[in-house]
Protein chains: 2
Amino acid sequence: MRLVIARCSVDYAGRLSAHLPLATRLLMIKADGSLLVHSDGGSYKPLNWMSPPCTLTISEPSDEQREAGVSALWTVRHAKTDDLLVVSLYEVLHDSAHELGVDPGLQKDGVEAHLQKLLAEQIHLLGDGHRLVRREYMTAIGPVDILATDAAGRSVAVELKRRGDIDGVEQLTRYLELMNRDPRLAPVAGVFAAQEIKPQARTLAEDRGIRCVVLDYDAMRGIDDGIARLF
Amino acid sequence: MRLVIARCSVDYAGRLSAHLPLATRLLMIKADGSLLVHSDGGSYKPLNWMSPPCTLTISEPSDEQREAGVSALWTVRHAKTDDLLVVSLYEVLHDSAHELGVDPGLQKDGVEAHLQKLLAEQIHLLGDGHRLVRREYMTAIGPVDILATDAAGRSVAVELKRRGDIDGVEQLTRYLELMNRDPRLAPVAGVFAAQEIKPQARTLAEDRGIRCVVLDYDAMRGIDDGIARLF
DNA sequence: AGTTCAATCTCGACA
DNA sequence: TGTCGAGGTTGAACT
């Protein structure tokens, strides 16, 4: 990885055209040839960049450019899409190279999967008499998070989210529409379960006869840990 | 901006939990206190990060950690969400600080708004006899991209996307439901227009009687440029 | 400040 | 390999 701090301007042409006026920025060249242009603020997204696979060419500026103060030109071209990024360097304030090696990568610890497991184990949270049929019940348009039955033996489809918004309700609605056409399942009631349910989502859900259940993740985990400690 | 190359491990706890095993990486501390952890490959997204507003605290490792080889601990806590990022530094290979100043920011030339403008100008692409009523036609639940009339004078609501997926169909469906209750507009036909329409989205749309139109952006722009050249 | 919607989205899973 | 769906999405425009 090569790190360069420089006064530069940047032009990009690809899906859109974009320009960065002259300013001091960090230029990061990764081992795969990709380039990131970062400012000293904002989020993790660079001001501009070129994704791999791409190639960086360093060239001399034209006389006109040199007269304007440009000391070098970096041209980065994408290997497949022909997207083009041109960095005009005016002054280099820092330049260093480093060997980092291959990264072992991020290990993600899913929480939604855990939430599903916990709710399956504590299916009574849906109401007295509920029984688990199965997790990830497959339908033609995808898996329903949890299929259960209520005290009267009727089917209950559960859509599970960490943060319940309108999309989750739409998703569950599509599942319910489909499942209610299956005579072996119909009638199927819907439950929208989440740690937190947005007011709009609740309104939409209840308008469609879908019950909303707010889950307390910490409490569920606490009980689960308690069970785990028993064995 | 401070740039540190170090052998380190990283732990994150927030929306999800994640861990980065010991390896050599770039740590970028921006002026607003945010932290980025980059490897020497991949795209512009860091392996891990903390967005502003947040605060970085540098502390001494515990005896146990020191014995394991940790020389320093960086703890970054988000100001609002309490998300936590902990970097355990084992060996610092490079450390430098730089003054970058405020960035003037990126100047973009948009594409999406342009597509709407082009379709409004070339409304015949919807079919012979179509006429534009207006762009961004307001309804109670938001603006419909384009409202037009067909050859028979019936209302046509157009939802425009660069890539047409299932969400866009749901959105248009909600608009149509609402507009068809308005006696001045009803009956309103729906058109789902995009540069590219996903098979699932097309199926759902057609099942609901919504017509799909695939747009050729380059051709539309070409015609537009041609018109521009005439004047 | 909250909401909605696009993105040079990125990224992983799955057919 | 393409397609599809989710993201610690991010970011911008608008209410």
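No hydrogens, no waters, no symmetry mates; every other heavy atom, side chains included, goes into these values. Letters go in sequence order (proteins before strands), and every chain restarts at 1.
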Could you run down nucleotides 9-15 of chain C 5' to 3' and tag each one B, S or - for protein heavy-atom contact under 4.0 Å?
SSS----
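Between B:K198 atom NZ and D:dA6 atom P the separation is 12 Å, expressed in whole Å. Look at NE2 on B:H78: it is 12 Å from C1' on D:dT10, rounded to the nearest Å. In this structure, the NZ atom of B:K30 is 13 Å from the P atom of D:dT10, given to the nearest Å. With rounding to whole Å, A:L47 atom CG is found 16 Å from D:dT10 atom P. One can place CZ of B:R202 at 15 Å from C1' of D:dT3, the figure rounded to the nearest angstrom. As a whole-Å value, the separation of B:K161 NZ from D:dC4 C1' is 17 Å. Between the P atom of D:dT10 and the CG atom of B:L106 lies a distance of 18 Å, rounded to the nearest Å. Rounded to an integer number of Å, the gap from A:D145 CG to D:dG5 P is 14 Å.
Between A:D32 and A:K30 there is no salt bridge, since no side-chain nitrogen of the basic residue lies less than 4.0 Å from a carboxylate oxygen of the acidic one. The residues B:K117 and B:E121 are annotated as salt-bridged, a charged nitrogen and a carboxylate oxygen being separated by less than 4.0 angstrom.
For A:Q171, a side-chain nitrogen or oxygen approaches OP1 or OP2 of D:dA6 to under 4.0 Å. Contact annotation: B:Q200 side-chain N/O to D:dG5 OP1/OP2 distance is under 4.0 Å.
Between the NE2 atom of B:H130 and the CG atom of B:L125 there is a distance of 10.5 Å, given to the nearest 0.5 Å.
Using a 4.5 Å cut-off on side-chain heavy atoms (C-beta onward), B:F192 and B:R202 make no contact.
The residue from B:L36, B:V87, B:I5, B:L20 that alone fulfils the side-chain contact (heavy atoms from CB on, under 4.5 Å) condition with B:R25 is B:L20.
Counting non-hydrogen atoms under 4.0 angstrom, A:M50 reaches nothing in the nucleic acid.
In terms of modelled atom types and a separation under 3.5 Å, the side chain of A:D40 and the main chain of B:A31 share a donor-acceptor contact. A donor-acceptor pair is defined here as one N or O able to donate and one able to accept, closer than 3.5 Å; no such pair exists between the side chain of B:S17 and the backbone of B:A13.
Residues B:P199 and A:K80 both approach DNA chain D. Their nearest nucleotides, taken by heavy-atom distance, put A:K80 toward the 5′ side.
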